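One structure is given here, and the rest of the page talks about it.
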There are 2 protein chains.
Amino acid sequence: MQEPDKLTVLTNPKLTEAKTAIEKALLQKRTIIVAGNCHVHYSGRARSTLELGERLLIIKEDGALLVHRPVGYEPVNWQPAGSVFHVQTKENKLEVHGVRQKPRESVLVTFNQIYMVSALSLNDSGDFLLHATEDDMHRAILMKPELFEEGFKPISWEKKVEPGFVDIYGEDKDGKLVIIEVKRKTATKEAALQLAKYIEPIKAKINRELRGVLVAPSLGKDVQRILATMGLEFKELDPKKCAEVLKKTKNAKLETFFGEDSQ
Amino acid sequence: MQEPDKLTVLTNPKLTEAKTAIEKALLQKRTIIVAGNCHVHYSGRARSTLELGERLLIIKEDGALLVHRPVGYEPVNWQPAGSVFHVQTKENKLEVHGVRQKPRESVLVTFNQIYMVSALSLNDSGDFLLHATEDDMHRAILMKPELFEEGFKPISWEKKVEPGFVDIYGEDKDGKLVIIEVKRKTATKEAALQLAKYIEPIKAKINRELRGVLVAPSLGKDVQRILATMGLEFKELDPKKCAEVLKKTKNAKLETFFGEDSQ
DNA sequence: ATATGCATGTCGCAC
DNA sequence: GTGCGACGTGCATAT
């Protein structure tokens, strides 16, 4: 079931042994994990130094590099995919050097002690799906406009209108034009200003009543007031609810496909 | 030199063995690495599903969780520090469930096979220093104002002025007020608008000539034109150069401390 | 190649 | 807690 070399682990190796194992794993494009005592220097878009301490170094098969401290979600140092690596021992230390071009930047990890080197051949082709994004909210409104408002008829979306793109625009039940700006979380004053920026030039261009509506799960502190002074509206809508709607719509479609009634 | 339990590694353990090892390591607040075949579900601010595949699961001593695919810099799923974990075996699968409150969100990693479980006690107190940030640029200009302009006298920085904070303000050699907005990389039109937003209210309030200057290593495409129409200026300045200046200044101080001339 | 905007952004700091 | 901006942001997309 499992190739003999799917996994290689060295515990408390000598630095030279670690060097050999890492170089071999790099050639084989395996996922490498090194645990040890190291310091780190980065130079490129900025510069950084990380003093001696015990961390994890991870190098992936596509040349991504991560240095993780024992706390925190984010890597303390890293290198994006596509980096090229060089390993060498030097004065009783092991140096792992990762370089990428465009932008030119490099990370140097210097170990004085290594607790573990692990090399894995990982096979991963599973799909990743993310729901309840802003884009899901757009699609949900387009597929089920009454989510926004009874009688709303979408006309277009992601429409270029100087000075940017309008999320959705359409007509309400009274035939008024509606410009919608969608946010997937609490809308800030920035969002209100963004909407206003889109509205004004259009108002100036067309001679017709125009509603600007901010759609979001909630509003920031002073945003309601700002909207009011600008004659804009707010409509509450939750990204989760939109995701639900999309799911149901998808189910409905599938049912139709299989010859069943869709509600 | 090294405690006997600094490092524990299990290779190709049974799921029940893995469960025991992970639970023990969680109690000991060690850094845990699990390599295996799994699928992942996330629910919280959004929702996601990741189909079956071989990945790394990392749980840190502060309750941060990372799921890494064999490619890419970013984790495919994660949970910030402070999450609480629950491990159980179920129908020949091992479930690792991480939950955090505020916002309420959870990640469920379900393994059907495990290649390695590793638990480490990492000791890391080394300082991390990042140079050539925007803040370094502020400090460099404050310490050596001629970096910005000959005769410039800084008055204040990070000054609250409705509707936000001005990076630096001061007086030029002719006694004109100068408002400086600093960017560490190519300045976009957003930066220009940000500067304008600060300038306008101040102009309205004081009765005095006022210069608005965008300081950055370079300008985006139409930004020069935008600055011109708004009567704003651009001054080229590189964050690396600022970092250099700070370094020299620091050295100069040290030299003084040691009784030597500082140029 | 550059520009624009989203992200389960994260993180830090001020109010 | 909320707001605001920086980040070695990364990332996808459209031009």
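Keep in mind that this is a model prediction, so the values were computed, not measured. A, B, ... follow the sequence lines: proteins, then strands. Residue 1 opens every chain.
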Subject >> Salt-bridge present (B:E236, B:K241; N to O < 4.0 Å) >> reply: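 Here B:E236 does not pair with B:K241 in a salt bridge, since their nearest N and O are not under 4.0 Å apart.
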
**OP:** Starting from the 5' end of DNA chain D, give me the residue, B:G72 or A:Y42, whose nearest nucleotide shows up first.
**Re:** A:Y42

Subject >> A:A81 or B:E181, whichever maps to the more 5' nucleotide of DNA chain D >> reply: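 The residue mapped nearer the 5' terminus is B:E181.
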
What is the separation between atom [atom1] on [X] and atom [atom2] on [N], rounded to the nearest whole Å?
X: A:R45; N: D:dG8; atom1: CZ; atom2: P; result: 8 Å
X: A:L108; N: D:dG8; atom1: CG; atom2: P; result: 19 Å
X: A:R104; N: D:dG8; atom1: CZ; atom2: C1'; result: 16 Å
X: B:R184; N: D:dT9; atom1: CZ; atom2: P; result: 4 Å
X: B:F128; N: C:dG12; atom1: CZ; atom2: C1'; result: 14 Å
X: B:D167; N: D:dC7; atom1: CG; atom2: C1'; result: 15 Å
X: A:E134; N: C:dG9; atom1: CD; atom2: C1'; result: 14 Å
X: B:M137; N: D:dA6; atom1: CE; atom2: C1'; result: 13 Å

Going by heavy atoms in the side chains, are [X] and [Y] under 4.5 Å from each other?
X: B:I199; Y: B:I202; answer: no
X: A:V34; Y: A:V96; answer: no
X: B:V40; Y: B:T110; answer: no
X: A:V99; Y: A:F85; answer: no
X: A:I58; Y: B:I58; answer: yes
X: B:I179; Y: B:L195; answer: yes

Would you tabulate the pairs of protein nitrogen or oxygen atoms and nucleotide nitrogen or oxygen atoms of nucleotides 1-4 of chain D closer than 3.5 angstrom?
| unit_1 | atom_1 | unit_2 | atom_2 | d |
| --- | --- | --- | --- | --- |
| D:dG3 | OP1 | A:K221 | N | 2.3 |
| D:dC4 | OP1 | A:K189 | NZ | 2.4 |

Mind checking [X] for me? I need base, sugar-phosphate or nothing, with any heavy atom below 4.0 Å counting as a touch.
X: A:T133; value: sugar-phosphate
X: A:Y73; value: sugar-phosphate
X: B:E105; value: base
X: B:E74; value: sugar-phosphate
X: A:K240; value: nothing

Spacing of the [atom1] atoms in [M] and [N] (rounded, Å):
N: C:dA7; M: D:dC7; atom1: P; result: 22 Å
N: C:dT8; M: D:dA6; atom1: P; result: 22 Å
N: D:dC4; M: D:dG8; atom1: P; result: 23 Å

Original post:
What dot-bracket string describes DNA chain D from 5' to 3', counting Watson-Crick and G-U wobble pairs whose defining distances are under 3.5 Å, with [ ] for crossing pairs and | for pairs to another strand?
Top reply: |||||||.|||||||

**OP:** Answer yes or no as to whether C:dG5 has its base stacked against A:F165, where stacking requires a ring-centre separation under 5.5 angstrom and planes under 30 degrees apart.
**Re:**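 Not stacked by the 5.5 Å and 30° rule.
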
**OP:** If a pair satisfies side-chain hydrogen bond (donor to acceptor under 3.5 Å, both in side chains) and one of its residues is in residues 52-62 of chain B, list it, with sequence neighbours excluded.
**Re:**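 Passing the test, one end in residues 52-62 of chain B: A:K6-B:E54, A:H68-B:K60, A:D124-B:R55, B:E54-B:Y115.
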
Original post:
A:K185 has a side chain; which of D:dC11, C:dG9, D:dG8 sits nearest to it?
Top reply: C:dG9

**OP:** State which of D:dG10, C:dG9, C:dC11 makes the closest approach to the side chain of A:P80.
**Re:** D:dG10

Using atom types as modelled and distance alone, determine if a side-chain donor or acceptor of [X] lies under 3.5 Å from a backbone N or O of [Y].
X: A:R45; Y: B:K185; answer: no
X: A:Q79; Y: A:G98; answer: yes
X: B:Y198; Y: B:F165; answer: yes

**OP:** Please state whether the phosphate of D:dT9, meaning OP1 or OP2, lies under 4.0 angstrom from any side-chain nitrogen or oxygen of A:W78.
**Re:**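 For D:dT9, OP1/OP2 do not have a side-chain N/O of A:W78 under 4.0 Å.
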
